[in-house]
Amino acid sequence: MKRIKFYRAFTSKLYRMNLLLFPLLVILGNVAVCLLHDRFLGGGEWVIYFQMNMLMVVYLLHELMTDNSLISGLAGKRLREFTAFLSSPRGIEVFRTGLVMDLLRKAVTLALSLGLIACVNRVFYGRSLMGLPYALQCFCFIYGVMTLMLMLSRFFQSMAVNLLLFYLAMIGVNVLGTWIGGNDHASWVRAGQSVYLILGLVVSVISCIGTVTICVRKGRNAYYDE
Amino acid sequence: MNYTDAITGKNIVKKYKNFTLNQPQLHIPKGFTTALVGENGAGKSTLLNILSGVRLDYEGDITYFEGSESMKTEQVKERIGFTAPNDYFFSNWTIEQICQMYDVLYDNFHVQRFKDLIRELEIPVAFGREKTKRRGLFDRRKGSKQVNQLSDGNRIKLQLAGVLARDTDLLIMDEPASPLDPLMRDVLCDKIRSYMEEGDGERSVLLSTHNITDMENVTDYVCIMEQGSIIEQGFVPDLKEKYILVKGDAEQIPAVSGRLFDMTKNSYGFEGILLADHSEEVAGLGLSMETPSLSQICVAVMRNYRKSR
């Protein structure tokens with residue numbers, strides 16, 4: 001309860017409302033994909049690949065932009081707005097809890113999105129088109145890319161730089177896909193690619209620990225008197 | 001005067017590349033308002049950051065409330081209210097969010113008192129139900145203001161509301177008066193006075209200022225800081241007894257030159273500060289002697305320090 005209270009204080013109402021819109025976006029987007037897919041592309045089970053690619057793009061963009069609006073430049077050189085936390089006996093604890101809870105929330109959003117996609121597919125095709133191992137593979141990889149981008153984006157305040165990071169991330173994912181999957185640049189969406197699961201898991205853990213540690217350290221040293 | 005210490009410091013040292021804060025002894029009296037006066041870059045903000053527990057990378061020992069607590073456990077921060085000139089909150093925080101944040105950051109924060117202070121200090125926001133009553137749920141004009149939409153003065157007022165909405169024993173305020181208009185400075189002085197009165201001798205205030213004239217009527221004790229050290233300190237009445245304001249004509253300048261602590265000349269005459277202990281040396285010269293203002297004492301002490309370096 002205490003952690004939720006900390007998180008509620010850490011995030012603005014607008015930010016939390018914005019998060020509620022994302023699942024709606026996922027449902028609408030995937031309904032549209034299923035409808036258009038059947039109508040224009042003649043159906044086929046590979047709709048799931050398209051859905052996962054789209055989820056990666058939209059989720060990454062959404063998380064980068066909302067994070068920028070909440071705590072842009074937190075790990076940057078010019079962080080100064082930290083006195084409220086530093087002058088409180090539990091300021092750093094509240095700050096750290098806020099960051100960790102938000103990372104958890106981001107994971108829940110992604111898991112929920114995957115669940116919603118499975119539900120939409122079940123409605124259209126009678127089955128989810130993804131098993132648990134495939135869902136885990138996609139979850140770990142997308143979350144890994146997102147947390148890595150998040151860690152880097154927090155060094156910059158500018159939305160333009162964050163957008164640039166997003167484009168670089170997309171290029172990076174394609175290059176990685178080509179490198180691992182031969183000529184298949186989107187090999188991460190193919191089923192049974194456990195290398196992406198492991199890679200995503202490792203990157204997620206390192207990035208999550210990294211971003212929290214860096215932000216807390218930056219915050220502790222964010223003095224305005226220098 | 002008998003008093004105990006709200007803050008006691010020993011050998012406080014903080015080194016930067018081109019500047020060192022070095023305060024071998026520090027005594028901030030309990031039950032009084034202390035003003036820390038000094039020019040830009042004298043080390044006031046660094047010292048206040050250290051004393052408020054914001055900055056922990058220093059050497060030395062600091063104890064609070066007659067030595068009963070130190071910053072090691074950080075729990076002492078619960079008893080201290082701190083305001084800083086800028087960058088206190090995340091700039092995209094809304095005022096309602098700040099209220100929630102104070103509520104989780106401190107056990108002794110009173111939400112209703114904060115809201116009352118917001119209204120009293122005329123900070124342009126409205127809270128939850130007030131918004132719905134007036135202009136519907138999303139009153140963008142008043143209800144959802146972010147810190148970056150407030151003026152510097154309103155930001156300081158917001159911090160003031162935050163610290164006064166808590167039950168603290170010590171207020172540390174870095175340049176609280178600077179961004180405020182004259183009317184609000186008066187309100188600030190009133191708030192400090194009532195904070196002290198309600199404390200019944202148990203509360204203390206430590207504030208820094210460039211311009212002591214603004215805060216002179218609430219100041220009981222003064223510390224004058226130069227180049228990272230406190231070079232003069234004392235209760236205001238004691239300092240006003242220690243220093244005398246001397247005025248005279250231009251032809252009297254040669255007679256007093258070298259005997260005054262500090263002097264400013266013009267073509268008609270001079271004005272200077274004399275140490276009361278040396279008053280006999282200028283007796284019989286027909287000079288006009290008055291009690292100096294705190295501002296005049298501070299300027300003289302700082303100028304004398306510079307000259308002697």
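Chain letters run A, B, ... following the sequence lines, proteins first, then strands; residues in each count from 1.
- Looking only at distances, no side-chain donor or acceptor of A/K5 sits under 3.5 Å from a matching main-chain atom of B/Q100.
- Of all the heavy atoms in A/P89 and B/Q75, the pair that sits closest is CB-NE2, 4.1 Å.
- Around atom CZ of B/F19, more than 12 heavy atoms belonging to other residues, nucleotides or ligands sit under 6.0 Å away.
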Applying side-chain contact (heavy atoms from CB on, under 4.5 Å), run through A/F82 and B/F90 and close with a yes or a no.
CA-CA 7 Å; A/F82 211 76; B/F90 282 177; 4.0 Å; yes
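- The distance from atom CG of B/L105 to atom CZ of A/F6, rounded to the nearest 0.5 Å, is 8.0 Å.
- By the neighbour-count criterion of 12 heavy atoms within 6.0 Å, atom CZ of A/R3 is sparsely surrounded, having that number or fewer from other residues, nucleotides or ligands.
- One finds no salt bridge joining B/D57 and A/R220 here, because no Lys/Arg side-chain nitrogen approaches an Asp/Glu carboxylate oxygen to under 4.0 Å.
- Closest approach of A/L70 to B/N92, counting heavy atoms only: O-ND2, 2.8 Å.
- Going from atom OG of A/S12 over to atom CD of B/Q146 covers 7.5 Å, rounded to the nearest 0.5 Å.
- Atoms CG and OG1, on B/N49 and A/T83 in that order, are 7.0 Å from each other to the nearest 0.5 Å.
- Side-chain contact between B/M101 and A/F85 is present, with at least one heavy-atom pair separated by less than 4.5 Å.
- Heavy-atom contacts from other residues, nucleotides or ligands closer than 6.0 Å to CZ of B/R79 number more than 12.
- The minimum heavy-atom distance between A/S87 and B/Y106, with the atom names listed, is O-OH, 3.1 Å.
- Of the possible donor and acceptor atoms, none in the side chain of B/R55 sits under 3.5 Å from a partner among the backbone N and O of A/N221.
- Residues A/S88 and B/Y102 bring no donor and acceptor atom of their side chains to less than 3.5 Å of each other.
- Across A/R90 and B/D107, no two heavy atoms sit closer than the pair NH2-OD1, 2.6 Å.
- The residue among B/I80, B/D103, B/V104 with the most heavy atom pairs within less than 4.5 Å of chain A is B/V104.
- By the 6.0 Å contact criterion, CZ on A/R16 is enclosed, its count of non-hydrogen atoms from other residues, nucleotides or ligands being greater than 12.
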